[in-house]
Amino acid sequence: MSNSSRQMTAVTIPEFGDAEVLRVATVPVPEPGPGQVAIDVAYAGANFAEVLYRRGVVDVPLPFVPGIEVSGRIRAVGEGVEDLTAGQPVAALSIVDSGGYAEVVVTSADLVVPLDGLGIGMDVAAALPSNSTTAFLVLDRVARIEPGERVLVHAAAGGVGSQLGQAARLLGAGHVVGTVGSAAKIETARRFGYHEVITRDRIADAGEFDIVVDMVGGPARRAGLDRLAPMGRLVVMGNASGAEDIGVPANELWFTNRTVSGFNLAAFSAAFPEETRRALRRAVAAVATGDLRTRVETLPLEQAAEAHRRIESGTTTGKLVLEVAAL
């Protein structure tokens, strides 16, 4: 923490642009309001969502402190918070208002899960709230997975892709296939629970699937839709390729008995915080028992720009987290 107890260090977006616009700055320490907690941040997850904030794709007020997930210890609790206490180790989503790239973040108590006695490292804990929670919500809540179903996941070696394959198997999928952008990522993705991993240019030969999860967009989205079996469900949850959106005629869905759904964790967390917290608890418990694994690489908070560059390059595997204070 900086010398003044009312000031802290944070990485900010002072203007929209490429990764170089990110700046280390001194900003006021936030205080929790009713139903909120303040967290002394140990690690903050680095995500494509924060890249979108930085690019200006998401309309946020500037200067803006990004950061949608953190691990750390409770600093203070707001009025009405009864199940969390100061000093408690936690994993938390800060996705509704952001702010995780900082020494202190404030978020809703409904999006915070204690880590007491679970033996989960703070670096790993920071990698769970966004990707692992998303994996369970997408498959269970949105796609409504049934035992034995075939699942296809695009970007299988990435942060959320690394969790989706494992979650699908935990939820009873019969066969889980991941796609990756290059052959160099195949072996990495295989370690994350996939029965089979292929490059995206081979998807036409992959057979039919009951569920396709797409965060890539463009041709990958169209290819995934074409691979859906009757009553199959495509879940759209990103556009990492930056490609132009594809149109899906409603009549096509009608004639083929297919469904297309969307999932956005920020909007879901704001609308359904208690359900989001249950999914985060589920993810934390799965990591604690060893049923869910995540590959974590750490960088100092001051290297947030480097984390963004690596995410945008499409070369990352597993999860990048930013070390704020190794509590």
Side-chain angles (χ1 to χ4, degrees), residues 8-28 30 41 43-70 92-108 111 126-127 129-131 133-134 138 154-155 158-161 181 213-221 235-247 262-271 276 299-316 319-322 324:
M8 66 175 182
T9 298
V11 169
T12 68
I13 303 171
E15 60 182 310
F16 298 126
D18 59 21
E20 280 62 40
V21 304
L22 294 174
R23 290 287 181 272
V24 177
T26 300
V27 301
V41 178
Y43 292 87
N47 300 275
F48 192 74
E50 292 130 13
V51 171
L52 297 180
Y53 294 146
R54 195 205 70 225
R55 291 176 180 173
V57 174
V58 181
D59 186 20
V60 296
L62 299 179
F64 184 75
V65 180
I68 68 171
E69 60 181 340
V70 301
L93 276 165
S94 49
I95 193 167
V96 176
D97 296 312
S98 206
Y101 287 16
E103 291 180 294
V104 180
V105 68
V106 165
T107 191
S108 168
L111 301 176
S130 174
N131 293 339
T133 302
T134 291
V138 162
H154 287 311
V160 68
V213 183
D214 172 47
M215 65 287 286
V216 175
R221 183 161 300 161
V235 182
V236 175
M237 49 165 295
N239 188 36
S241 67
E244 289 294 322
D245 198 7
I246 65 164
F263 180 81
N264 180 283
L265 183 60
F268 190 93
S269 298
T276 304
L299 291 172
L301 178 64
E302 294 76 13
Q303 292 186 25
E306 172 62 17
H308 279 218
R309 282 189 291 267
R310 289 169 63 175
I311 290 169
E312 289 177 285
S313 73
T315 59
T316 58
K319 182 75 174 191
L320 285 172
V321 299
L322 302 172
V324 181

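All figures in this text were calculated on a predicted structure; none of them were measured in a lab.
Panel note: side chain N239, backbone A243; a donor-acceptor pair is recorded below 3.5 Å. Counting only distance, with no hydrogens or angles, the side chain of E69 and the backbone of S130 share a donor-acceptor pair below 3.5 Å. Proximity of a side-chain donor or acceptor of N47 to a complementary backbone N or O of E50 within less than 3.5 Å is not detected. In terms of modelled atom types and a separation under 3.5 Å, the side chain of T26 and the main chain of T9 share no donor-acceptor contact. The backbone N or O of G17 lies less than 3.5 Å from a partner atom in the side chain of R54, making a donor-acceptor pair.
Residues H154 and A220 approach most closely at NE2-O, 3.0 Å, considering heavy atoms. Between T107 and L93, the closest heavy-atom pair is OG1-O, 2.7 Å. Nearest heavy atoms, Y101 versus A46: OH-CA, 3.8 Å. V11 and P66 make their closest contact through O-CD, 3.3 Å (heavy atoms, listed as atom of the first residue, atom of the second, distance). Of all heavy-atom pairs spanning A102 and V65, the tightest one is CB-CG1, 4.2 Å. The shortest non-hydrogen separation linking A44 to A126 is N-CB, 4.3 Å.
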- Message: Set out, in order, the CA-CA distance, both residues' side-chain angles and the distance that settles side-chain contact (heavy atoms from CB on, under 4.5 Å) for E103 and V324, then state yes or no.
- Response: CA-CA 6 Å; E103 291 180 294; V324 181; 4.2 Å; yes
- Task: Carefully, step by step, assess F16 and V60 under the rule side-chain contact (heavy atoms from CB on, under 4.5 Å).
- Result: CA-CA 10 Å; F16 298 126; V60 296; 4.0 Å; yes
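Rounding to the nearest 0.5 Å places CD1 of I95 at 9.0 Å from CG of L111. Between the CZ atom in F268 and the OG1 atom in T133 there is a gap of 10.5 Å [rounded to 0.5 Å]. Atom OG of residue S269 and atom CD1 of residue I68 lie 8.5 Å apart, to the nearest 0.5 angstrom. Here the CG atom belonging to L265 is positioned 8.5 Å from the CE atom belonging to M237, to the nearest 0.5 angstrom. To the nearest 0.5 Å, atoms NE2 (H308) and CG (L22) are separated by 5.0 Å. Atom CD1 of residue I13 and atom CZ of residue R23 lie 12.0 Å apart, to the nearest 0.5 angstrom.
Taking a cutoff of 4.0 Å between a charged side-chain nitrogen and a carboxylate oxygen, E306 and R309 qualify as a salt bridge.
No side-chain heavy atom of L322 sits under 4.5 Å from any side-chain heavy atom of Q303.
The neighbour count for E244 CD, taken as heavy atoms of other residues, nucleotides or ligands under 6.0 Å away, does not exceed 12.
F64 and Y53 have perpendicular rings, their planes meeting at more than 60° on a 0 to 90° scale where under 30° would count as parallel.
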